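Only a predicted model underlies this, so the values are computations on that prediction, with no experimental measurement involved. Letters A, B, ... are given to chains in the order of the sequence lines, protein chains preceding strands, and every chain is numbered from 1.
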Amino acid sequence: MIGFENVRKEYPGGTLAVEDFTLEIASHEAVALVGTSGSGKTTLMRMINRMVDPTSGRVTIDGEDVAGMNPVALRRSIGYVMQASGLLPHRTVLDNITTVPVLRGTSKTAARERARELMHIVGLDPALATRYPAQLSGGQQQRVGVARGLAADPNILLMDEPFGAVDPIVRDELQGELQRLQRELRKTIVFVTHDIDEAFRIGDRVVILRPGGRIAQVGTPQEILAAPADDFVASFVGADRGARTLHIERIEGRDVIVDADGRAAGVLSAAPARGGADEDRADGTSASTAGQEPPR
Amino acid sequence: MSWVLDNLDVIAGYTGAHLLQALPPIALAFVLSLPLAKLANSRGWLRTGVTTTSGLMYAIPSLPLFVLLPGLIGTGVRSPLNIIIALTLYALALMVPTASDGFRSVSRDVLGSATAQGFAPAARFWEVELPLAGPVLLGGVRVVAVSTISLVTVGGVLGVPSLGMLFVDGVRRGIVAEIGAGIVATAALALLTDALLVLLGRALMPWHHRRREERP
């Protein structure tokens, strides 16, 4: 469990990154922090592993204030995934994945064995083990990043716009893989993104942030879509543009879901199928998926 | 040519003396440039100051410096120590700005990510920042090595033994082959050192060379 209690972050020079932020994140929950640049989302996430220390307020893990923990040890206990540029360019794929276990004192042999398993879990060809990051595609680099984040088997996984640098098709694939992994591993995930569709797809709960880390709304994707707290949220999730306002049209004997512009968004199936539902989702809207979310 | 064959032992002796004066400045400048560059990078005004000072240093002509230095530090006029100290100063003037650029070339994202993985500050420097600055540092060391090896010859004018003595002696005695031998030996030494540095770089930084190969 991660707790933010009246957290404030002011940088020297007077920039106010976070005004007064309070939130509790349950264990095994995936929470997406979403907002534009300047919303303080990355700052908030970095307070969890003490990359940033709050000016006032507390951040706790399982009730214990992180301010009292050794930052280096704390960081080794928390998985951290960022954009591809975060991989160590001078280390091979295998050595990147074993970074944290080796720092924690695991033997190189054991760490490498585990790294090969992880490569399999995240869908990486074993032949890539001896490559350097620059020799991989963007999608492969991201998978290495995820494998590295999981290598020390942390309870908490922090993900800082991890799929921001890859093309939409690969991003969609990686998001699907992350959902699959999370169903199996049930980590506590804090996922930072500026993409609301990604936030809805990854987050059990989504936190929509205004500038200065002010919470506009917290809730499940369904709750936010059903009842946007205000115009800011409605605009942010696209409800006002009609992209989220779907209706059913009967075409050739099937119920086709159509958005306000008349574009087809999906097909309504007679009985919601369980599992494999993710692939059927056209754009991550909850209209086509309500009731299909697997139990968490 | 026969002069060269008759005097191989002389050339070998000067080559050894030459290396003994050239290698310490190269190594010293490399090692000293790292903390100086880190220090310079920590403050904007310091970095400007260091870059300017380095430029001015290099503008000091070498012969007068070789002549003046014994008076300043109390060594003998013909002591190789003068040459070593003076050449270390020149090498630093080249190496510190390069090392400063080298450390600045390391991606801040990678450093931030290394911190987030749990590298302690010292480990982050040795295992991430220094190796990643490596390619730029190597470029600097190569320039320093060639320039230092060539500057050692100036000591020959003062009678400090080095391959430079071959020019001085050759000119005085009118032996063209001796002058040629001095030039060729100095150039060969510089090229050989440079080649060794390139090989060393390949061995230490395989990631830098495999970067552009077989990208899917």
Side-chain angles (χ1 to χ4, degrees), chain A residues 42 45-46 48-52 70-93 95-105 125 127-128 130-141 145 148-149 151-152 154 158-162 165, chain B residues 30 34 38 42-45 98-99 101-141 197-216:
Chain A
T42 301
M45 194 191 72
R46 290 185 173 181
I48 300 169
N49 70 352
R50 294 199 61 191
M51 298 278 284
V52 173
N70 175 307
V72 171
L74 176 70
R75 289 170 197 148
R76 290 177 187 175
S77 73
I78 295 176
Y80 191 93
V81 185
M82 61 187 283
Q83 287 190 10
S85 51
L87 295 177
L88 299 176
H90 60 309
R91 295 201 172 171
T92 61
V93 166
D95 288 343
N96 262 288
I97 298 174
T98 58
T99 302
V100 183
V102 168
L103 282 172
R104 286 167 62 127
D125 184 342
L128 301 177
T130 55
R131 297 269 186 99
Y132 290 99
Q135 296 172 297
L136 305 181
S137 70
Q140 288 168 334
Q141 289 179 8
R148 180 174 73 166
L158 305 180
M159 308 187 81
D160 185 5
E161 308 216 22
Chain B
F30 174 71
L34 302 180
K38 284 294 283 180
S42 66
R43 299 273 184 284
W45 57 269
T98 311
D101 288 344
F103 288 125
R104 281 157 57 95
S105 75
V106 180
S107 148
R108 295 185 70 87
D109 280 350
V110 171
L111 290 178
S113 157
T115 302
Q117 307 301 318
F119 278 93
R124 192 184 82 160
F125 175 76
W126 292 111
E127 294 177 39
V128 182
E129 195 174 3
L130 186 61
L132 289 179
V136 178
L137 294 177
L138 177 66
V141 173
L197 285 170
V198 170
L199 288 176
L200 189 70
R202 280 181 189 246
L204 291 177
M205 300 180 287
W207 53 276
H208 189 57
H209 302 279
R210 282 171 60 182
R211 183 172 281 187
R212 272 165 209 91
E213 291 165 30
E214 50 175 334
R215 204 187 158 126

Is any side-chain heavy atom of B:W207 closer than 4.5 Å to a side-chain heavy atom of A:R91?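 A side-chain contact is absent here, since even the closest heavy-atom pair is not under 4.5 Å.
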Grab the two heavy atoms, one from [X] and one from [Y], that are nearest each other, plus how far apart they are.
| X | Y | value |
| --- | --- | --- |
| A:V72 | B:G118 | CG1-O, 3.3 Å |
| B:V110 | A:L88 | CG1-CD2, 3.8 Å |
| B:A116 | A:N49 | CB-ND2, 3.9 Å |
| A:H90 | B:P131 | CD2-CB, 3.6 Å |
| B:S113 | A:G86 | OG-O, 2.6 Å |

Chain B contact residues among residues 96-105 of chain A, heavy-atom distance under 4.5 Å: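 Only A:T99, A:V100, A:L103 of residues 96-105 of chain A have a heavy atom under 4.5 Å from chain B.
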Rounded to the nearest 0.5 Å, what's the gap from CE on A:M82 to CD on B:Q117? Could you check?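 If I round to the nearest 0.5 Å, the distance is 9.0 Å.
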